2 protein chains.
Amino acid sequence: MISAGYQKLAEFARRLGGLTTGDAATFAGAFREMKVKKRQFIIQPTFPANHRNYVVSGALRAYVVGEEGSEHTISFAVEDWWITDYNSYIYQQPATMFVVALEDSVVLQIDYEHEQILKQTNHRFESLFRQMAERGLAFQQRRLIANLTLSAEERYDHFLQHYPQIARRVPQYALASYLGMTTEFLSKIRNNKVRKKS
Amino acid sequence: MISAGYQKLAEFARRLGGLTTGDAATFAGAFREMKVKKRQFIIQPTFPANHRNYVVSGALRAYVVGEEGSEHTISFAVEDWWITDYNSYIYQQPATMFVVALEDSVVLQIDYEHEQILKQTNHRFESLFRQMAERGLAFQQRRLIANLTLSAEERYDHFLQHYPQIARRVPQYALASYLGMTTEFLSKIRNNKVRKKS
DNA sequence: TTGTTCCGATGAACCAGATTAAGAAAAACG
DNA sequence: CGTTTTTCTTAATCTGGTTCATCGGAACAA
């Protein structure tokens, strides 16, 4: 009996990559399951990020720490999302991010070498990874636009609109640092304590 | 006699994708050359971005226009770089960006359908596009970190360090809006008119 | 159960960077 | 060329968001 996690991942591969059931199973089979406790790290600076992680359940957060010690959230991942220090993973260089579990979670990990083999053995796997990267890139670009274009309050509203589940689920300090503002200010926005125009 | 532009693109494909000389020529052959005059647009909102553009010479700029009419530069592209409205291109939806030439330029364009055919016909082409997307994603992530982590002045210094040629080449208003600040403030930074700490 | 540590709320003082307005310099153009 | 348009500079003023400091509650450990 295959775990529910592997089935979710296989379904993901079938949906996005158009893989056959057999190929999807092969794909998922290259991953190994890992349980992560709340507050446990799966990626830390200095060490290279050796895995790409598919989230089966729970929630994780990637962040960097600035000069003065302030944390800046780079990404969240909940069920059916992916997370890693992408820059570290693809270039196989030391990570600059932390990736930590916000809740007890289950992830499926593939390591760099296995991923290379997968991509070489089947054109469709290669295509799947390409699509994941392209979607990630498009996502990042949309986020960048939001950051450049919107005010703090608008960024929060925008996030709420697009990811209401996540906004409710992650701690406020994590969301604030994702949106590029302080916890205090997000608190004020949430409680409507910000002077509005007119 | 093949134009110098096609040779540059073929060289790019050989270098990044590890293509044979023959494959690289096939790859480059799927593109068509286009001359773009300064101030000419190659992508505009409403129309879908039908092409991925490789810059042979010149410089281009992608930007969005916010509510109130302010421009925000999303990316620059000079020789040997790529540019398009990625979100529009991969999902084949109406563009939200403008892409305009900052100088008279020459670009090589491939349209969406031709790209799909390329990817299907040769695993190595698929792999090349995957790598381009991955690098783009890693690049975006580094930029996001810089935006979240650094002050306006630090962002400028950081950019200068990494892309001194571009900083000198593009108009100041374009650079300022790329770095997420006003032209006026960038002017102050450049002329050391910003109050420094101690 | 009682510390202890973490997390969010609130308010006052402060500041990095925006806005506004005007002119100077440089580039485009006929 | 000279003229027109675009780009850059400077300075005064203003503001969205930060910083700092304090408090209350919830989660957590022992």
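First the proteins, then the strands, lettered A, B, ... as listed; each starts at 1. Everything quoted here is computed from the prediction, not taken from an experiment.
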Spacing between [X] atom [atom1] and [N] atom [atom2], to the nearest angstrom:
| X | N | atom1 | atom2 | answer |
| --- | --- | --- | --- | --- |
| A:K188 | D:dG16 | NZ | C1' | 11 Å |
| B:L186 | C:dA18 | CG | C1' | 14 Å |
| B:R169 | D:dT7 | CZ | P | 17 Å |
| B:R39 | C:dA27 | CZ | P | 12 Å |
| A:K37 | D:dC28 | NZ | C1' | 14 Å |
| B:R190 | D:dT7 | CZ | P | 14 Å |
| A:Y156 | D:dG17 | OH | P | 15 Å |

Task: Cluster link B:V56 to B:I42, ILVMFWY, side chain under 4.5 Å - done: no
- [ ] In plain terms, say whether A:E126 and A:R130 are close enough for a salt bridge, that is, a side-chain N and a carboxylate O under 4.0 Å apart.
- [x] no
Under 4.0 Å between a side-chain N/O of [X] and OP1 or OP2 of [N], yes or no?
| X | N | answer |
| --- | --- | --- |
| A:T182 | D:dG17 | no |
| B:S187 | D:dC8 | no |
| B:Q172 | D:dT6 | no |

Open item on the list: As a test of reading the structure: which of C:dG8, D:dG17, C:dC6 is closest to the side chain of A:A152, going by heavy atoms?
Closed with: D:dG17
Task: Parallel, tilted or perpendicular: ring planes of B:F159 versus B:F76, cut at 30 and 60 degrees - done: perpendicular
TODO: Identify whether any heavy atom of A:F185 sits under 4.0 Å from a base atom; if not, whether one sits that close to sugar-phosphate; answer base, sugar-phosphate or nothing.
DONE: base
TODO: Check every strand shown and say whether B:R155 touches a base, only sugar-phosphate, or nothing at a heavy-atom separation below 4.0 Å.
DONE: nothing
Open item on the list: To the nearest 10°, give me the bend of the helix from C:dT1-D:dA30 to C:dG30-D:dC1, comparing the axes of its five terminal pairs at either end.
Closed with: 60°
Task: Distance-only donor-acceptor check, side chains B:Q109 and B:N53, under 3.5 Å - done: yes
- [ ] Taking atom types as modelled, find out whether B:S187 and B:E184 have a side-chain donor-acceptor pair closer than 3.5 angstrom.
- [x] no
- [ ] State, to 0.1 Å, how close B:D80 and B:F12 come at their nearest heavy-atom pair, and which atoms those are.
- [x] OD1-CD1, 3.9 Å
Open item on the list: Between A:V170 and B:E184, which residue's closest nucleotide on DNA chain C lies nearer the 5′ terminus?
Closed with: A:V170
